Amino acid sequence: MNYNWNWHIFLEPNPMGTGTYLDMLLAGLVLTIKTALLAWVLALIFGSVIGVLRTLPSRTAYWIGFCWVEFFRNMPLLVQLFLWFFVLPELLPRGAGLWLKQLPNAPYWTAAIGIGFFMSARVAVQLQAGIGSLPRGQKNAATALGLTTVQSYRYILLPMAFRIILPPLTSEFLNTIKNTAVAITIGLIELTGQARSMQEFSFQVFEAFTAATVLYLLVNFIVVTGMRFLERYVAIPGYISGK
Amino acid sequence: MLGSFDFDVIRRALPYLFLEGMRFTLTLTALAAFGGLVFGTLIALMRLSGYKWLGRIAGVYVDFMRSLPLVLVIFWFYFLVPYIGQWLTGASRPITVGAFASSLITFIMFEAAYFSEIMRAGIQSISKGQPAAASALGLTYAQSMRYIVLPQAFRNMLPVLLTQTIVLFQDTSLVYVLSIPDFLGAASKVAQRDGRLVEMYLFAAVVYFTISCVASFFVRRLQARIAIVR
Amino acid sequence: MIEIKHVNKWYSPSFQVLKDCTTSVTKGEVVVVCGPSGSGKSTLIKCVNALEPFQGGEIILDGVKVNDPKTDLPKLRSRVGMVFQHFELFPHLRIVDNLCLAQEKVLGRKHDEAQAKGMKLLERVGLKEHARKFPAELSGGQQQRVAIARALAMDPIAMLFDEPTSALDPEMISEVLDVMVDLAREGMTMMVVTHEMGFANKVADRVIFMDRGEIVEDAKKTDFFGGTPRSDRAQKFLSKILQH
C-alpha cells in the first residue's frame with residue numbers, strides 16, 4: 001500500500017486555528033455527545049407518552065400512537081432532517097420561517113429535534129412491548145386498590161416496564177449516538193464531520209477515520225458499561241427478568 | 001407556502017428520479033440485502049461453530065460494525081476500497097472504484113453484521129433435537145445445517161429479515177454523503193438546480209414513506225400468516 | 001352490603017359469560033362461590049368492584065351503584081379489598097411498600113402512619129420479619145398472605161377473594177386459608193371464589209354454585225352440604241371435588 005502514514009498529524013495545528021487536529025476531533029466528539037443527549041431526552045419523553053398511549057384502552061389514543069410511530073419510522077432519518085431543516089421554515093409564516101433560518105446553531109437544534117423524534121418512535125415501540133409483557137393482573141391489582149389509571153402507570157406499570165426494556169433501550173441510546181453522524185448532511189460538524197474535514201485539510205484520511213472510529217468505540221464502551229451498572233442498580237432481588 | 005407549490009417541477013423530474021435515482025436505490029437495496037444475508041449467515045455460522053477463535057473473530061467483527069455510524073463506515077470504504085483493490089490486483093496505484101460498487105461493498109459488509117445477529121437468533125431458536133435427529137440419520141454437520149437448520153431458521157426469521165431490509169432501503173439514502181445520485185441524491189440535485197427544495201424533499205419523503213408503509217404492511221401480513229401456520 | 005341484581009355480561013354478541021345473576025351478601029356474611037372452570041364465577045366477582053364491565057343489571061355496593069358513570073370508581077374500589085389468584089404483588093416494591101403505596105396515594109395517609117399500619121398487618125399474617133424483602137424472595141403462600149395484608153391495609157368494608165389458593169403448591173394452601181378463616185371469624189364481609197370445600201364448610205354462611213354463567217344454587221351452607229343440593233349439576237361438581 002503506497003500510503004504515507006503520519007500518526008503525528010494529530011499533534012499538528014489545524015488550519016482553523018483552534019489548536020491541533022486532535023482538538024478538532026475532540027470538539028466534534030463533544031458536539032456528538034451533546035446532540036445525542038438532547039435527542040435522547042426528547043426521545044424518552046415523547047417515546048414514553050406515545051408508548052403509553054398505545055397501551056390505553058381508548059381507540060383514539062391508540063390511533064394517535066400508531067400514526068406517530070408509523071410517521072417517524074417509515075422515512076429515512078436523512079429525509080426527516082431535510083424536512084425539518086429545509087422544508088419546515090418555508091411552510092411556516094414568513095416571520096417565523098425567517099427566525100428559524102437565522103437561528104444560531106440551527107444544525108444543532110435541528111439534529112437534536114429530528115433525531116429525537118425519529119428515535120421516539122422506537123422508544124415508544126419498546127415501551128409498548130414492555131408494558132404488554134407485564135401480567136394483566138398487575139393493572140387489575142392496582143385498580144382494585146383504588147389507584148387511578150395515571151397512578152397505576154406512574155407507580156406500578158412504568159417502573160416495571162422500564163426495568164424490563166433497559167437492555168433494548170441501551171441499544172436505542174447507542175443508535176441515537178450513531179445517528180448524530182447523519183446530521184453531517186445539514187452541516188453539523190460532529191465527530192464524523194470533523195474527521196472528514198481533517199481528511200480534507202491534511203489528506204491523512206486513514207488516520208482521521210481511525211481516530212474517529214476509536215472514539216466511537218470508546219463512547220460505546222462507556223455507555224454499555226454504564227448501563228450495565230444501571231441495570232444492576234435497579235435490579236430487583238429475586239426477580240428474574242423475562243419471567 | 002402551498003400556494004406557490006410547483007407540481008410541475010416534480011412532474012418534469014419524474015423520469016430522472018425514478019429511472020435513475022430509484023433504480024439505483026432499489027438495485028443497491030436488493031443486492032446489499034442478498035449479499036448481507038449470505039455473509040451474515042456465514043458470520044452467524046462462524047459464531048456458532050464451536051471453534052473458539054473463529055467465533056471470536058466473527059463476534060469482534062459484528063460488535064465493531066454495530067458500534068460505528070453508517071456514515072463513517074461509508075466514508076471508510078469509499079477511501080479504503082481503492083487501496084484494497086490495488087492490494088488484491090497488485091496494481092501500482094489505488095484502483096478507481098465506481099460509486100455503485102463502493103456503496104454496494106459498504107452496505108454488504110455493514111448489513112452482514114446486522115443480518116448475522118438475526119440469523120444467529122434464528123438458528124438458536126431451532127430446537128436442539130433437529131440437528132440431533134439429522135445426525136442420527138447420518139447427515140454431516142454441513143448437510144444438517146444446509147438442509148435442516150438453516151431453512152427453518154430462515155423461514156422463522158423471514159419477517160425480521162424483511163423488516164431489516166426496509167431499514168436498509170431507508171439507510172441507502174445515506175450514500176447522499178458521497179454525492180451519489182440515488183433516489184434522494186437525484187431529488188436533491190433537482191432541488192438545488194431548480195431552487196425547489198420544498199417540493200422535491202416533500203415528494204421524496206412521500207415516496208419513501210409510501211414504499212416503506214406498503215412494505216411493512218406486507219411484512220405484518222406475512223408475520224400473521226407464519227404465526228397461524230405454527 | 002353487596003347486592004347483585006340481574007347482571008348480564010357478554011364478551012361478544014354470541015358469547016354470554018353472565019346470565020341474569022342475582023344474589024347478595026349482607027354485612028358480616030361469608031359467601032363462597034364455586035363451580036367448574038369457565039362458569040363465570042371469577043368474572044362475577046370482578047364485576048363487584050368494576051374490574052370487569054357488564055352490560056345489564058346493576059350491582060350496589062354499600063349503597064353505591066357500581067355501574068353508574070357518576071360513581072368515583074377509584075374511591076369505591078379502595079373500600080373493597082381484593083385478593084387475586086396470582087397474588088399480584090408489585091415486584092419492584094419491598095413488602096412493606098406494597099402495603100403502603102395505596103394507603104398513601106389513594107387514602108392520603110402519611111408515610112409513618114401507613115408504615116405502622118402495614119407493619120401491624122404483616123405481624124398479623126406472621127410475616128413481619130420479611131417487611132424489607134422483595135416479593136420474589138418470598139414463597140407463594142407468603143406472597144398471598146402479604147396480598148391479603150395489602151388489601152386489609154385499606155380498611156376495607158368487604159373482601160373479595162378470586163381463587164386465592166389455586167396457584168399455590170398444596171403445602172402452602174393451609175397457611176393462607178388459616179388467615180382467611182381468622183378474618184371470617186372476626187366478622188369480615190367476604191365473597192370468596194374457591195374450590196376449597198373444607199374452607200366453605202368451616203366458615204361460609206352461604207354457598208353459591210355457578211355453571212355456564214348462571215347461578216344454579218344459592219343456599220345456606222347447611223343446606224348445601226347437609227341436605228341434597230337441588231340440581232344435578234351441583235351434585236356432579238361436588239362429587240368430583242370431594243373425591244380428593
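Here is how names work: the chains are called A, B, and so on, in the same order as the sequence lines, proteins then strands, and each is numbered from 1. In this text the structure is predicted, and so the values were computed from the model without any measurement.
For a residue to count as touching a neighbouring chain, one of its non-hydrogen atoms must lie under 4.5 Å from one of that chain's; by this rule C:Lys133 does not touch chain A. Proximity to chain A is limited to the backbone of C:Leu89, based on heavy atoms less than 4.5 angstrom apart. With a threshold of 4.5 angstrom between heavy atoms, C:Arg94 does not approach chain A through any atom at all. For A:Ala142, the parts lying near chain C are the backbone and the side chain together; criterion is any non-hydrogen pair under 4.5 Å. Proximity to chain A is absent for every atom of C:Val83, based on heavy atoms less than 4.5 angstrom apart. Residue contact with chain A, scored on non-hydrogen atoms closer than 4.5 Å, involves the side chain of C:Phe84 exclusively.
Side-chain contact between C:Leu101 and A:Leu145: absent, with no pair of heavy atoms (C-beta onward) separated by less than 4.5 Å.
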**OP:** Show your working on side chain to side chain contact (heavy atoms under 4.5 Å, CB included) between A:Thr143 and C:Leu51 and close with a plain yes or no.
**Re:** CA-CA 7 Å; A:Thr143 310; C:Leu51 283 186; 3.7 Å; yes
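With rounding to the nearest 0.5 angstrom, the CD atom of C:Glu88 is 10.5 Å from the CZ atom of A:Arg136.
Side-chain atoms of A:Gln151 come within 3.5 Å of backbone atoms of C:Lys105 as a donor-acceptor pair (strictly under, hydrogens ignored). Checking side-chain atoms of C:His92 against main-chain N and O of A:Tyr155 turns up a donor-acceptor pair under 3.5 Å.
For a heavy-atom cut-off of 4.5 Å, chain C lies close to no residue in residues 63-77 of chain A.
The shortest heavy-atom contact between C:Asn49 and A:Ala144 is ND2-CB, 3.8 Å. Residues C:Pro91 and A:Ile236 come closest through the heavy atom pair O-CG2, 3.0 Å. Taking each heavy atom of A:Pro237 and C:Ala136 in turn, the nearest pair found is O-CB, 3.9 Å.
Around NZ of C:Lys120, the count of heavy atoms belonging to other residues, nucleotides or ligands within 6.0 Å does not exceed 12. The environment of CH2 in A:Trp109 is sparse: at most 12 heavy-atom neighbours from other residues, nucleotides or ligands sit within 6.0 Å.
Top candidate by heavy-atom pairs under 4.5 Å with chain C, chosen from A:Thr149, A:Leu134, A:Val234, A:Leu147, is A:Leu147.
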